[in-house]
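For clarity, every value in this text was computed on a predicted model and none was experimentally measured. Heavy atoms only: backbone and side chains are in, while hydrogens, waters and symmetry mates are out. Each ligand, and each atom within it, is numbered from 1 in the order the structure gives.
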Amino acid sequence: MKENSIDSSTAIFNERCREHNLKITPQRAAIYRELLKAKDHPSADMLYKRVKKRVPNISFDTVYRTLLSFSEIGLTDVVEGYGEPKRFDPNTYVHHHFRCMKCGKIKDLKIALKEDIEIPEEIRKDIIVIRKRIIIEGFCKDCKIR
Ligand SMILES: [Zn+2]
Ligand SMILES: [Zn+2]
């Protein structure tokens, strides 16, 4: 993300909230700001702890529900998980992830897929494809040496 992207993201935030009749409250704005800064695909709990430093009276429930609202209006993505706590991603553009199977770290993978993933017709007829993402799983450099 570029340095000036925070400003344009605030504009996007205001616009999306207005479009979807989500009231812009100081708490929601604080949650969004903290989410935007996050590079680690935080869970609601991780974000709650960060937002709480700025907004001490905020509750976990507010943070969690707000993140779900954000994901409904396209302000955040939810990273694919396997029954783990949801992880949120401020980068809503198509990109791929590496997930450490030991510590749960999720990192963006800066790879461009050369070819689009073909979904066979027999599968496509039963589902609606919204996006295609790749998750590479394994051990991060901190975990592999242990
Ligand atoms: Zn790890
Ligand atoms: Zn990501």
Enquirer: Using a cut-off of strictly less than 2.8 Å, determine whether D77 has an N/O/S atom near the Zn ion (ligand 2).
Expert: no

Enquirer: Are any of the side-chain nitrogens in R50 or D40 under 4.0 Å away from the carboxylate oxygens of its partner?
Expert: yes

Enquirer: Using the Zn ion (ligand 1) as the vertex, how large is the angle between SG of C143 and SG of C100, rounded to 10 degrees?
Expert: 110°

Enquirer: If you check every N/O/S atom of D89, which is the one nearest the Zn ion (ligand 2)?
Expert: OD2

Enquirer: Could you walk me through whether T66 and Y32 pass the side chain to side chain contact (heavy atoms under 4.5 Å, CB included) test, one step at a time?
Expert: CA-CA 9 Å; T66 301; Y32 187 65; over 6 Å; no

Enquirer: Do R99 and H41 have side chains that approach each other closer than 4.5 Å (heavy atoms only, starting at C-beta)?
Expert: no

Enquirer: Is the gap between the ring centers of F88 and F70 under 6.0 Å?
Expert: no

Enquirer: For the CZ atom on R124, are there more than 12 heavy atoms of other groups (residues, nucleotides or ligands in this structure) within a distance under 6.0 Å?
Expert: yes

Enquirer: Quick check: of its N, O or S atoms, which one does H41 have closest to the Zn ion (ligand 2)?
Expert: NE2

Enquirer: Of all the N, O or S atoms in D108, which one sits nearest to the Zn ion (ligand 2)?
Expert: OD1

